[in-house]
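Please read the structure below before turning to the comments.
Each ligand, and each atom within it, is numbered from 1 in the order the structure gives.
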Amino acid sequence: MRSIFSEEHEQFREQVRRFCEREIKPHYREWEKAGHSPRAFWRKAGENGLLCTTIPTEYGGPGGDFLHSVVVTEEMVRVGANLGMPVHSEMVSPYLLHYGSEELKQRLLPRLCRGEIIGSIGMTEPGTGSDLKNIRTNAVRDGDHWVLNGQKVWITNGFNCGVVLVACKTDPSAGAKGVSLIAVEEGTPGFTRSQPMDKIGLKAQDTAELFFDNVRVPLSNLVGEESRGFVYLMQQLPQERLVIALRSCATLETQLEKTIAYTTERKVFGNPIIGFQNSKFKLAEAKAYIAMLRAFVDQCALEHMNGGISSEKAAMAKLVGTELMGRFLDEFLQLHGGYGYSSEYEIGRAWVDARVSRIAGGASEVLKDIISRNL
Ligand SMILES: Cc1cc2nc3c(=O)[nH]c(=O)nc-3n(C[C@H](O)[C@H](O)[C@H](O)COP(=O)(O)OP(=O)(O)OC[C@H]3O[C@@H](n4cnc5c(N)ncnc54)[C@H](O)[C@@H]3O)c2cc1C
């Protein structure tokens, strides 16, 4: 029914679907227990063209477009997987591609595309999350090096990352205008991280604290220009938010389908659960809202392909997508009864995993603030 994908995207989808069924689904429980996915998995994902889909072939990428990324996101949702691939592929690699020097691109992008190293982005700190301009991690010049000091928290892929793009103050007196992005590679003395953090959901997605204690990196590790970091973050956040919205929509579609199947099969008081008017109305309402959401997020995806989506539209897509996801996954879980609360059924995991999407990548309140600027 959807018209945004070409024949080639659909062929890619088949390939990604087979990969997810083979390489993710059977192992996911194990990864949830470990708190992260193994590095060997990332290399396989890279070999199969699932990482950094939009990076051009000259930097070792598959040379696809944003819709290839959408396909990967949707197929991951289909198998109920929530890994840190969007951060690696839709954030870290685009920052390097758009703003990094030629030397930095050649040094890091091919390894990210092959999954040899995993990428993180470090913005949030113990003292500040939504208000990014107040970060305290700093970097000072010392000869031909930057020296970084500070701490980051809640960093996706932090435990396994081979490179982290650190948002830090290079001019602490200049507020947002003093923020720069600096790449720090694994093994650099003074750079350490915690064990994966103990979260209520997203159990297979590693999230860690990062520590920088007099970490020296070459001046050439600066991504783009000094003090332009905040601008770069603001330019790239719409894509991150759109990906979260697309993910929310795919999650709702997948779980609606599964809930219809469950309520059709399971009998209560001699009748299938779906036979109750309450169940039918809940599912019908969800279907109608999800169809509206699908139309909007697909339009946003196309717009993003053809030049970039505005921060207002991306905020709207993420706000509505994640809020609807919160509401309807809760109703779907209710229709599963006690089984919804068991980890045997995907709805329980989807419900708890979804909660963070109204906080990370811009809390709903922050998104409303962005939208309200253009009233
Ligand atoms: C699983 C997970 C993964 C993450 N991954 C990353 C990552 O890879 N890299 C990274 O840098 N960060 C990451 N984060 C951090 C995430 O981006 C922050 O949690 C988020 O930005 C909110 O910041 P905070 O937690 O400090 O909450 P705060 O900024 O303290 O906000 C708390 C609450 O205050 C309210 N609030 C905030 N601002 C406003 C406002 N303007 N108006 C009204 N109310 C407001 C909202 O209700 C908000 O939820 C991750 C977080 C989680 C939980």
Side-chain angles (χ1 to χ4, degrees), residues 31-32 35-37 81-95 112 118-137 148 150-169 176 179-184 193-212 223 229-230 232-234 236-241 243-244 247-248 311 314-315 318-319 322-323 325-326 349-373 375:
W31 300 348
E32 285 190 313
H36 63 98
S37 51
N82 242 313
L83 301 171
M85 282 155 74
V87 169
H88 176 98
S89 300
E90 315 308 334
M91 294 182 75
V92 176
S93 60
Y95 277 112
L112 285 163
I118 299 170
S120 285
I121 178 130
M123 300 176 279
T124 309
E125 300 186 354
T128 191
S130 305
D131 190 7
L132 262 182
K133 67 178 183 311
N134 279 332
I135 54 170
R136 299 178 64 174
T137 297
L148 279 87
Q151 183 182 346
K152 297 288 174 184
V153 69
W154 292 118
I155 306 308
T156 303
N157 300 334
F159 177 70
N160 263 330
C161 72
V163 64
V164 52
L165 306 184
V166 184
C168 55
K169 286 273 174 74
V179 176
S180 299
L181 278 183
I182 296 181
V184 175
R193 55 263 188 88
S194 69
Q195 288 296 305
M197 293 168 75
D198 191 10
K199 310 187 292 296
I200 60 168
L202 300 180
K203 295 278 189 188
Q205 187 178 117
D206 102 52
T207 313
E209 287 178 86
L210 308 181
F211 307 94
F212 306 91
V223 180
F230 200 80
Y232 301 153
L233 292 171
M234 293 306 117
Q236 294 301 311
L237 274 173
Q239 170 159 309
E240 182 194 355
R241 290 176 179 152
V243 170
I244 296 172
R247 200 185 155 88
S248 305
S311 59
K318 180 178 183 279
L319 176 69
T322 59
E323 294 286 340
M325 181 164 65
R349 190 204 283 143
W351 177 75
V352 69
D353 282 0
R355 187 61 186 88
V356 73
S357 60
R358 285 187 268 160
I359 300 168
S364 290
E365 294 85 348
V366 171
L367 303 177
K368 288 178 194 169
D369 193 47
I370 292 170
I371 299 162
S372 68
R373 285 176 208 158
L375 292 177

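Among V166, V163, L165, L210, the single residue meeting the side-chain contact (heavy atoms from CB on, under 4.5 Å) criterion with V184 is V166.
A 4.5 Å side-chain heavy-atom check between S93 and H88 finds every atom pair outside the cut-off.
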Requested in this report: Go through the steps for R349 and E32 under the test salt bridge (Lys or Arg N to Asp or Glu O under 4.0 Å), then give the verdict.
Outcome: CA-CA 11 Å; R349 190 204 283 143; E32 285 190 313; 3.0 Å; yes
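Looking at residues two or more places apart in sequence or on another chain, you find a side-chain contact (heavy atoms from CB on, under 4.5 Å) between Q236 and P94, Y95, H98, Y99. Qualifying side chain to side chain donor-acceptor pair (under 3.5 Å) partners for E125, counting only residues two or more places apart in sequence or in other chains: T137, K152. Remark: T207 pairs with W154, M197, K199 by the side-chain contact (heavy atoms from CB on, under 4.5 Å) rule, at least two apart or across chains.
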At less than 3.5 Å, what protein N or O atoms come close to the N or O atoms of ligand 1? Include the distances to 0.1 Å.
unit_1   : atom_1 : unit_2 : atom_2 : d
ligand 1 : 5 (N)  : W154   : O      : 2.8
ligand 1 : 5 (N)  : T156   : OG1    : 2.8
ligand 1 : 8 (O)  : T156   : N      : 3.0
ligand 1 : 8 (O)  : T156   : OG1    : 3.2
ligand 1 : 9 (N)  : I121   : O      : 2.9
ligand 1 : 11 (O) : M123   : N      : 2.8
ligand 1 : 11 (O) : T124   : N      : 2.8
ligand 1 : 11 (O) : T124   : OG1    : 3.2
ligand 1 : 12 (N) : T124   : OG1    : 2.7
ligand 1 : 14 (N) : W154   : O      : 3.3
ligand 1 : 23 (O) : S130   : N      : 3.4
ligand 1 : 26 (O) : G129   : N      : 3.3
ligand 1 : 29 (O) : S130   : N      : 2.9
ligand 1 : 29 (O) : S130   : OG     : 2.6
ligand 1 : 47 (O) : E365   : OE1    : 3.2
ligand 1 : 47 (O) : E365   : OE2    : 2.9

